[in-house]
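In what follows, a structure is listed as structure tokens, so that the remarks can point back to it.
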Amino acid sequence: MLGNGKRDAASAGSRAVQVAFLVGLLLLWYVATNYWGVSHLLLPEPVQVFWQFVDIIKTGEYIDDLKVTLGELATAFAVSCTTGVTLGYLISRSQYLIRVFEPLFAGIYAIPIILFLPLYVLMFGLGPMSKVALGTTISFFPIVLSTIAGFGYVERTYIVSARSMGASEYQLFRYVLLPAALPVILTGMRMGFTVALLSIIGSETIASLAGLGHRIVHLAEGMDMARMFAYIAFVVAIAAILNTVVSSLEAGGRRR
Amino acid sequence: MTGEVAIRVRDVSHHFGEEDDARHVRALLDTSIDVARGELLCLIGPSGCGKSTLLNVVGGLLEPTTGTVEVAGKPVRGPMPADIAYVFQENALFPWNTVFENVMLGMLFQGVPKAERDDRARRSLEAVGLAEFSDHYPAQLSGGMRQRAALARALSLETGILLMDEPFGALDEQTRMILGEDLSVLLSRTDKAIVFVTHSLGEAVFLADRVAVFSARPGTIKQVISVDEPHPRNPEFVTSAKFTALRNQLYSLLHDEIRKAMSESAMRGGAGHRGSVAGDSA
Ligand SMILES: Nc1ncnc2c1ncn2[C@@H]1O[C@H](COP(=O)(O)OP(=O)(O)O)[C@@H](O)[C@H]1O
Ligand SMILES: [Mg+2]
């Protein structure tokens with residue numbers, strides 16, 4: 001309330017620096033490729049990349065790959081949310097289960113799960129299923145861990161006072177446990193979403209038949225650098241949009 | 001205070017943990033007391049002597065190891081939301097709800113018909129002077145205002161009994177004084193039976209009709225002192241000779257017990273146990 005004006009000004013200030021930084025980077029890119037003789041095979045010229053980008057959008061060529069990637073992402077995220085939240089809730093009901101599973105999941109979360117990709121490709125083939133499996137595995141852990149933390153460490157006084165006022169089991173869940181846990185769970189879901197997106201696109205570049213990651217590698221192998229860079233820019237834009245949407249959903253859920 | 005008995009505590013003992021466990025604690029020993037309607041009983045004693053334990057046994061949040069508690073003529077076997085409301089030391093308001101919603105929720109849990117809730121919430125917030133802050137979230141209020149809101153929620157439940165576990169314990173001295181005065185005024189208008197845990201001698205004398213002094217652990221009521229002074233008590237009472245005499249009497253009673261409690265916990269190797277009983281942090 002009090003410092004809002006100041007804070008807005010400060011955030012506008014840092015926004016300006018961020019934009020200036022990106023513009024500077026673009027400028028550097030332009031100068032390096034046009035005047036300093038950096039090979040266009042390593043680094044394509046930005047104006048060319050821009051026209052390739054326009055072409056990709058205009059022809060709608062991206063649609064099939066985008067559908068594949070988003071389909072994989074949506075499936076993986078839906079599965080990991082459902083299983084992660086359900087399992088996390090059940091585990092959080094018992095101090096014993098929390099003691100057993102929380103360190104276990106935290107331990108597995110810390111290993112590079114991308115190592116499972118070859119296994120998943122053997123099991124599910126090169127199609128979307130192996131990417132879905134990997135994205136699910138990777139995003140499951142932040143979601144289940146945050147659900148355990150959210151439900152498992154609710155301030156005891158909230159529960160005791162609700163009980164003393166006669167809250168039923170359902171009312172306790174609906175009006176106390178859920179609102180107490182929700183912000184933590186939503187944060188876990190946002191983290192899960194981010195790692196699912198990263199791992200799915202990443203694994204498409206390693207072993208796949210279609211998808212945006214696949215397209216980028218395909219162009220790289222054909223030395224079509226300008227178009228490849230345009231696709232990278234496209235993926236960055238998609239990721240930025242998705243992350244913004246998810247973050248604002250999270251913020252909205254927190255406020256509720 | 002000649003009203004009928006609202007709370008009847010008979011030979012109540014409570015142990016935490018199993019008999020042969022290292023963490024076994026005899027928190028409360030053979031305690032008996034009655035609280036009449038319209039009476040405010042303060043519990044005071046060294047920290048860890050079982051005041052919260054007694055309160056939680058009365059409220060049905062803890063089952064006593066032995067002994068019985070009756071409330072409004074019925075044996076206590078669990079929470080009795082229709083008869084008993086609580087005010088905890090802190091953190092009892094839900095931070096994701098506004099003050100108004102918090103009060104409404106209490107009545108929803110208790111089962112108050114929907115049509116009545118709105119009106120009762122408004123009236124109780126009015127009574128504690130928080131009407132203007134209905135739409136604030138707890139985090140936007142001072143500690144004193146949060147405790148007023150918790151009190152409003154308890155009042156809105158219109159129970160015959162109010163249990164308050166160091167409700168002003170986390171507040172500074174001035175805020176605590178003002179809240180005490182306001183509480184005295186509020187209570188003079190009701191005929192609730194109130195049990196109020198405090199570690200402030202002045203607060204006990206100022207608010208109570210009777211003060212029960214606990215002995216060191218295993219706690220039991222060592223002596224009960226009457227404060228014969230009508231409610232609402234005005235601030236001048238604090239400066240009266242009577243107040244000072246009662247306060248001094250309490251001080252000397254407590255002093256010995258606190259010494260005992262300290263030397264016992266020193267023997268046990270310092271900090272002693274920290275209970276996890278509801279709302280207790282002292
Ligand atoms: N849940 C619990 N488990 C084990 N010991 C407890 C528990 N709650 C309280 N105690 C112990 O019982 C004793 C009495 O606690 P309490 O009634 O909270 O004291 P007070 O409110 O008078 O400070 C303390 O020694 C405390 O450590
Ligand atoms: Mg206590």
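Remember, predicted model here, so these are calculated numbers, not experimental data. Side chains are part of it too, since the values below use all heavy atoms of this structure and drop only hydrogens, waters and symmetry mates. A, B, ... follow the sequence lines: proteins, then strands. Residue 1 opens every chain.
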- Message: Can you confirm whether A/Q18 is buried at CD, in the sense that more than 12 heavy atoms of other residues, nucleotides or ligands lie under 6.0 Å from that atom?
- Response: yes

- Heavy-atom proximity to chain A below 4.5 Å, by part of B/P81: both

- Query: Is it the backbone or the side chain of B/L108 that comes under 4.5 Å from a heavy atom of chain A, or both, or neither?
  - Reply: both

- Query: Sub-3.5 Å donor-acceptor pair from the side chain of B/K192 to the main-chain atoms of B/T159, do we have one?
  - Reply: yes

- Aromatic ring pairing A/Y62/A/F234, orientation class (parallel under 30°, perpendicular over 60°, tilted between): tilted

- Query: Should the ring pair B/F109 and B/F94 be called parallel, tilted or perpendicular, given that the plane angle runs from 0 to 90° and is split at 30 and 60?
  - Reply: perpendicular

- Message: I'd like to know which of A/P183, A/G166, A/A162 tops the heavy-atom pair count under 4.5 Å against chain B.
- Response: A/G166

- Item | Top contributor to chain A interface from B/P95, B/G59, B/A85 [non-hydrogen pairs under 4.5 Å] | B/P95

- Ignoring hydrogens and angles, tell me if any N or O in the side chain of B/R146 forms a donor-acceptor pair with the backbone of B/L141 under 3.5 Å. yes

- Measure distances from A/Q171 to the heavy atoms of chain B and classify the residue's part below 4.5 Å as side chain, backbone, both or neither. both

